[in-house]
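By convention here, the first residue in the shown sequence is residue 1.
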Amino acid sequence: MEKLLIKGAVYSFLLALLAGLVLFPDPAAVKSGWSGALRVWSYSEYIMRLIRFASLICLITLAVLWLKNRFVWTGQKTGFGEFMRGVVISFVIVLLAILAFSFIISTFL
């Protein structure tokens, strides 16, 4: 499993770095907003932006690979399906609690 995680991390980092070169504009001239103003980035800022993007993609890939190997998709009540159901239910409950709390604060304050 460690071999799979290492390969996944290295390959996803390299592919995300290449995708970042395509997605992020050239550091010499960056158009910002509707005004058409140009903002000049330094190369260190551009490289840090690419590394941040590649690291985020790498961490997401590692999490997905770990979850895929940790939980097995089965038809029983245990496994990946039950785990994902729990995650979705937890997300909905927390989202509803946050919305209710913000509604109460905005109504009474």
Straight-line distance of Met48 CE to Ile51 CD1, nearest 0.5 Å: 5.5 Å
Between CG on residue Leu14 and CD1 on residue Ile57, distance to nearest 0.5 Å: 13.5 Å
Verify same cluster id: Leu17, Leu21 (apolar side-chain graph, 4.5 Å):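 Leu17 and Leu21: one cluster.
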Leu50 reachable from Leu18 in the ILVMFWY side-chain graph, under 4.5 Å edges: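 Yes, one cluster joins them.
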What heavy-atom pair brings [X] and [Y] nearest, and what distance separates the two atoms?
| X | Y | answer |
| --- | --- | --- |
| Leu5 | Leu62 | O-CD2, 3.3 Å |
| Ala54 | Ala16 | CA-CB, 3.6 Å |
| Ser12 | Thr61 | CB-OG1, 3.5 Å |

